[in-house]
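Following: one structure in structure tokens, then a few remarks.
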Amino acid sequence: MAKSPEHEHPKKAFGWAARDSSGVLSPFNFSRRETGEKDVTFKVLYCGICHTDLHTVKNDWGCSTYPLVPGHEIVGVVTEVGSKVEKFKVGDKVGVGCIVGSCQSCDNCANNLENYCPKYILTYGAKYHDGTITYGGYSDFMVADEHFVIRVPDNLPLDGAAPLLCAGITTYSALRYYGLDKPGMHVGVVGLGGLGHVAVKFAKALGVRVTVISTSPNKKKEAIEHLCADSFLVSHDQDQMQAAVGTMDGIIDTVSAVHPLLPLIALLKSNGKLVMVGAPEKPLELPVFPLLMGRKMVGGSNIGGVKETQEMIDFAAKHNITAEVEVIPIDYVNTAMERLAKADVRYRFVINVGNTLKPAF
């Protein structure tokens, strides 16, 4: 007979979990493994709320397993390390992002692309090497293999750093891999939400000229005055869009709703790249003729490997890049999910786990 989550492992743990596709989260007793010889155990202080969390608690993608403890933008302080851990010590500020395991033997893993390993293990709602289900960061502590733990530089505030472990690396990796990181380039960022606002920050720090493309005219002041974007386009204003045709080297598209790609492709110069990092639930229409006429590319990108994630967080520390966050107590999480579904957040909710999560043993 299978053991209950509370008795599966030796260490008692506590968090908030969804029990079914209603997505409602509530207090949850479970357990985590002892600190293995290559493991790092850390007290969770903050955990960002990603749009993925909203999809998974509601089983929007049809693959959720319950009970489900979400959270893959997790930061805290090391409390214990295994006997063979080399990179971390007690007291270090660390984080864990979207994955906690991979096969460590395929070509992707050999090339520091664990995020593209066919056997990668998600931080929550996935089956770990020992056959048990992984639980995320809406919880009091984490145990993770040191290979998948990220060091957080001391000058980065932990609440603003947490979303970088998903939203940050997603946009940074896309800019880097597709070569949209050269000073003087012109890059568009579609959508000014959790992903989009950090895309603007990273692009600007890389020396790129940035145009924000949005359906919301009221975001222009925020984009230009606060985030220092160079220009702003209202995507449904045909005159504005027409005036910008053929001016961009690349576009980072962060939108997760169904939207037309043709107007975006038109903004690209010849050899331009439209990079999708948002994940619409339904297929998008892709007109091929405009691609042929300008040798243009539509590509995709997903988080980044561990090495690149560390590179990203170090770059963020060097350039004082953090996410814009609204810090909330854990008992506000269901309201936060409702607001997130309405895009009513600027720009990322972060749970103050360390000060508001109270165990119920």
Side-chain angles (χ1 to χ4, degrees), residues 2-3 5 8-11 13 15 17-18 28 30-42 44 47-48 50-53 55-57 59-76 78 81-82 84-85 87-88 94-151 162 164-170 173 279 301-310 312-313:
K3 291 184 178 180
E8 209 165 37
H9 296 293
K11 286 187 170 182
F28 176 60
F30 64 108
S31 58
R32 294 197 187 274
R33 68 180 184 270
E34 290 283 7
T35 307
E37 59 184 18
K38 294 288 287 179
D39 284 338
V40 172
T41 296
F42 66 94
V44 177
C47 185
C50 176
H51 219 283
T52 296
D53 299 346
H55 286 302
T56 52
V57 297
N59 199 24
D60 287 341
W61 297 329
C63 56
S64 298
T65 56
Y66 299 100
L68 188 145
V69 178
H72 60 206
E73 300 176 346
I74 315 161
V75 293
V78 176
V81 296
K84 293 186 178 179
V85 168
K87 296 188 291 184
F88 303 99
V94 297
V96 164
C98 301
I99 56 175
V100 291
S102 67
C103 77
Q104 296 291 285
S105 60
C106 68
D107 287 346
N108 283 326
C109 287
N111 288 298
N112 300 304
L113 294 170
E114 301 91 345
N115 52 311
Y116 297 122
C117 171
K119 297 181 180 178
Y120 71 82
I121 301 171
L122 293 173
T123 300
Y124 66 84
K127 190 171 285 189
Y128 198 63
H129 298 302
D130 62 5
T132 61
I133 299 299
T134 57
Y135 295 111
Y138 296 15
S139 59
D140 52 358
F141 73 97
M142 288 288 294
V143 183
D145 184 306
E146 77 162 329
H147 181 81
F148 295 91
V149 178
I150 305 299
R151 180 182 301 280
L164 299 181
L165 294 169
C166 175
I169 184 57
T170 296
S173 184
S301 189
N302 178 22
I303 55 168
V306 176
K307 182 179 179 181
E308 189 177 41
T309 303
Q310 187 66 61
M312 175 276 305
I313 207 98

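Note that this is a predicted model, so its numbers are computed, not measured. Numbers for residues simply follow the sequence, beginning at 1.
- The minimum heavy-atom distance between Val306 and Glu114, with the atom names listed, is N-OE1, 3.0 Å.
- With sequence neighbours excluded, no residue forms a salt bridge (Lys or Arg N to Asp or Glu O under 4.0 Å) with Lys307.
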Is there a side-chain hydrogen bond (donor to acceptor under 3.5 Å, both in side chains) between Asn59 and Tyr66 once you walk through the steps? CA-CA 10 Å; Asn59 199 24; Tyr66 299 100; 4.9 Å; no
Kindly indicate, with the supporting measurements, whether the criterion side chain to side chain contact (heavy atoms under 4.5 Å, CB included) is fulfilled by Asp145 and Asp39. CA-CA 4 Å; Asp145 184 306; Asp39 284 338; 4.2 Å; yes
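- Contacts of Phe28 classified as ring pair (Phe, Tyr, Trp, His ring centres under 6.0 Å), with partners at least two apart in sequence or in another chain: Phe30, Tyr135.
- Side-chain contact of His9 with Thr132: a donor-acceptor pair under 3.5 Å is present, judged by distance alone.
- Residues forming a side chain to side chain contact (heavy atoms under 4.5 Å, CB included) with Arg151 (at least two apart in sequence, or on another chain): Phe88, Asp92, Gln310.
- Taking the side chain as every heavy atom from C-beta outward, Leu165 and Ile74 never approach each other to under 4.5 Å.
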Side-chain atoms of residues 98-106: list all donor-acceptor pairs with protein atoms under 3.5 Å, sequence neighbours left out, distances to 0.1 Å.
| residue | atom | partner | partner atom | Å |
| --- | --- | --- | --- | --- |
| Ser102 | OG | Gln104 | NE2 | 2.9 |

Apply side chain to side chain contact (heavy atoms under 4.5 Å, CB included) to the pair Thr309 and Ile303, showing each step before the final yes or no. CA-CA 8 Å; Thr309 303; Ile303 55 168; over 6 Å; no
Step by step, work out the side-chain hydrogen bond (donor to acceptor under 3.5 Å, both in side chains) result for Asn108 and Tyr120. CA-CA 10 Å; Asn108 283 326; Tyr120 71 82; over 6 Å; no
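- Within a 6.0 Å sphere centred on CG of Asp130, heavy atoms belonging to other residues, nucleotides or ligands number more than 12.
- Pairs of residues two or more places apart, or lying in two chains, that qualify as salt bridge (Lys or Arg N to Asp or Glu O under 4.0 Å) and include a residue from residues 61-75 are Glu73-Arg348.
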Would you sort out whether Ser173 and Glu308 count as a side-chain hydrogen bond (donor to acceptor under 3.5 Å, both in side chains), showing the intermediate values? CA-CA 7 Å; Ser173 184; Glu308 189 177 41; 2.8 Å; yes
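- Shown here is Lys87, whose NZ atom has more than 12 heavy atoms of other residues, nucleotides or ligands within 6.0 Å.
- Between Ala126 and Ile121, the closest heavy-atom pair is CB-CG2, 4.1 Å.
- No option in Thr65, Thr52, Asp53 other than Asp53 meets the side chain to side chain donor-acceptor pair (under 3.5 Å) test with Tyr124.
- Shown here for Ala17 and Val69, the closest heavy-atom pair between the two residues is CB-CG2, 3.8 Å.
- Among all heavy-atom pairs drawn from Ser31 and Pro5, the shortest one is OG-O, 2.6 Å.
- The two atoms that bring Gly71 and Thr123 nearest to each other are O-CG2, 3.8 Å, heavy atoms only.
- Rounding to the nearest 0.5 angstrom, the gap separating the NZ atom in Lys127 from the CD1 atom in Ile133 is 6.0 Å.
- Under the ring pair (Phe, Tyr, Trp, His ring centres under 6.0 Å) criterion, His51 pairs with His55, sequence neighbours left out.
- Nearest heavy-atom pair across Gly136 and Arg32 is O-NH2, 3.0 Å.
- Side chain of Tyr116 to main chain of Gly305: no donor-acceptor pair is present (N/O by atom type, distance under 3.5 Å, no hydrogens or angles).
- We find that Lys38 and Glu146 are joined by a salt bridge, their nearest charged nitrogen and carboxylate oxygen being less than 4.0 Å apart.
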